Chemist: 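Here's a structure for you.
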Amino acid sequence: MTRTVYVNGDYLPEGDAKISIFDRGFLMADGVYEVTSVLGGKLIDFEGHAVRLKRSLDELEMAEPCSKEELLEIHRKLVALNEIEEGLVYLQVTRGSDGDRDFVFPSADTKPTIVLFTQNKPGLADSPAAKKGAKIISIEDIRWGRRDIKTVQLLYPSMGKMMAKKAGADDAWMIEDGHVTEGTSNNAYFVKDGVIVTRPLSNDILHGITRKAVLRMAEEAQMKIEERLFTIEEAKEADEAFTTSASAFVMPVVEIDGVALGDGTPGPIAKRLREIYLEESMNAAI
Ligand code: PLP
């Protein structure tokens, strides 16, 4: 089955979709994105992703390509057309193109580019990786200073992921000024003596939609949470650790820089939070 994608108002077979070579997303990484997961053919936390998209666009003074209602309709139509039961919807908005390359933003009436496509991921919820847990390495965080805006500047996170693969690990956590910021594509947590520790929100990390939901659910389950800076040494001495993201939900971490956490298998708090998150978010999916 050929995948149907959405480009600037049209639903097209993926091979027919085209973007200008002058698009600022291509030339300058002048674009933002969202990834929404699909479980049981329904969208998980669409509202959170739509609100963060608006925030990212506002921070970059970029025009909204369409209303939230239209965005929901496009998501739903692509999920239906591509028969996605479990998977992801990727959305990207760029500042578009006025037909040339210039550091100055094009005039405000330049139409933004909007692209969406689905990724079919059967078994996303019942993932073997989550049962095994992830191995993490730590690397220096050399990204720009506005990581709260979900831009498509993903070269360094992608390099970080490759550094992890080369080291025989699954992912990397980044460190700035001696403190862990986040994972290459997820927020980072460790658990010590029953307390969940994660970095507080600021411009230094992405304000994860899954982070917000998981922290709320942890609080409702009477778990203790501390939002504070932490070092990789603290995380290595933890009882357990995990990450959160829309594409992997709650992912247990079992090893950091070659040091096994606890007994080297997914910890009870990470496993419980994954269960709660999947159950609650599937019930609330639209
Ligand atoms: N941090 C970074 C750097 C990310 O790229 C992502 C997701 O792509 C996250 C955190 C998790 O955010 P969310 O839970 O909204 O997927």
Side-chain angles (χ1 to χ4, degrees), residues 29 31-39 43-57 59 71 75 87-93 116-117 119 121 124-125 127 130 134 136-164 170-176 179-190 196 198-218 227 230 241-253 270 273-274 276-278 280-282 284-285:
V32 299
Y33 75 108
E34 284 295 331
V35 178
T36 304
S37 56
V38 179
L39 294 176
L43 299 162
I44 303 294
D45 218 337
F46 173 81
E47 178 69 21
H49 291 284
V51 168
R52 185 173 61 189
L53 173 67
K54 168 91 170 74
R55 179 179 182 277
S56 293
L57 292 169
E59 290 296 317
L71 215 52
H75 276 73
L88 306 169
V89 182
Y90 178 87
L91 153 80
Q92 182 168 329
V93 181
L116 286 92
F117 57 82
Q119 292 181 289
K121 305 242 179 217
L124 188 65
S127 130
I136 297 295
I137 59 162
S138 57
I139 60 173
E140 200 60 31
D141 196 338
I142 58 167
R143 297 173 300 162
W144 79 322
R146 287 303 306 274
R147 301 159 198 152
D148 57 311
I149 310 173
K150 196 167 169 64
T151 74
V152 295
Q153 300 173 53
L154 297 178
L155 181 55
Y156 186 66
S158 176
M159 290 167 72
K161 189 92 181 168
M162 293 312 294
M163 289 181 229
D170 302 294
D171 203 359
W173 282 9
M174 293 175 278
I175 299 176
E176 186 176 57
H179 296 110
V180 174
T181 51
E182 58 189 333
T184 58
S185 59
N186 42 57
N187 292 115
Y189 312 72
F190 73 87
I196 301 168
T198 195
R199 189 180 177 104
L201 295 181
S202 69
N203 290 354
D204 300 328
I205 61 168
L206 186 73
H207 301 190
I209 300 305
T210 321
R211 177 188 186 279
K212 188 175 176 185
V214 166
L215 288 182
R216 175 178 56 75
M217 292 170 195
E227 291 183 69
F230 64 94
F242 61 93
T243 60
T244 61
S245 67
S247 53
F249 315 118
V250 178
M251 175 63 65
V253 167
L273 284 174
R274 185 177 174 91
I276 300 175
Y277 177 78
L278 282 171
E280 280 203 29
S281 52
M282 276 170 93

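Counting begins at 1 with the first residue of the sequence. Numbering of ligands and ligand atoms starts at 1, following listing order. All of these numbers come straight from a predicted model, not from anything done at the bench.
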Chemist: Salt bridge (charged side-chain N to carboxylate O under 4.0 Å, His left out) with R211: which residues, sequence neighbours excluded?
Modeler: E227
Chemist: Please name the pair of heavy atoms, one in L124 and one in L88, separated by the smallest distance, quoted to 0.1 Å.
Modeler: CD2-CD2, 4.2 Å
Chemist: Return the protein residues near ligand 1 (heavy atom under 4.0 Å from any of its atoms), ordered by chain and residue number.
Modeler: Y33, R52, R143, K150, E182, G183, T184, S185, N186, N187, L206, G208, I209, T210, T244, S245, A246
Chemist: Hey, are E34 and R52 close enough for a salt bridge, meaning a charged N less than 4.0 Å from a carboxylate O?
Modeler: yes
Chemist: Should R147 and D141 count as an ion pair when the cut-off is N to O under 4.0 Å?
Modeler: yes
Chemist: Which residues pass the salt bridge (charged side-chain N to carboxylate O under 4.0 Å, His left out) test with R216, sequence neighbours left out?
Modeler: E220, E280
Chemist: Show the atom names and distances, to 0.1 Å, of all donor-acceptor pairs under 3.5 Å that link a side chain in residues 243-253 to residues at least two apart or in another chain.
Modeler:
{"residue": "T244", "atom": "OG1", "partner": "Y189", "partner atom": "OH", "Å": "2.8"}
{"residue": "S245", "atom": "OG", "partner": "A248", "partner atom": "N", "Å": "3.1"}

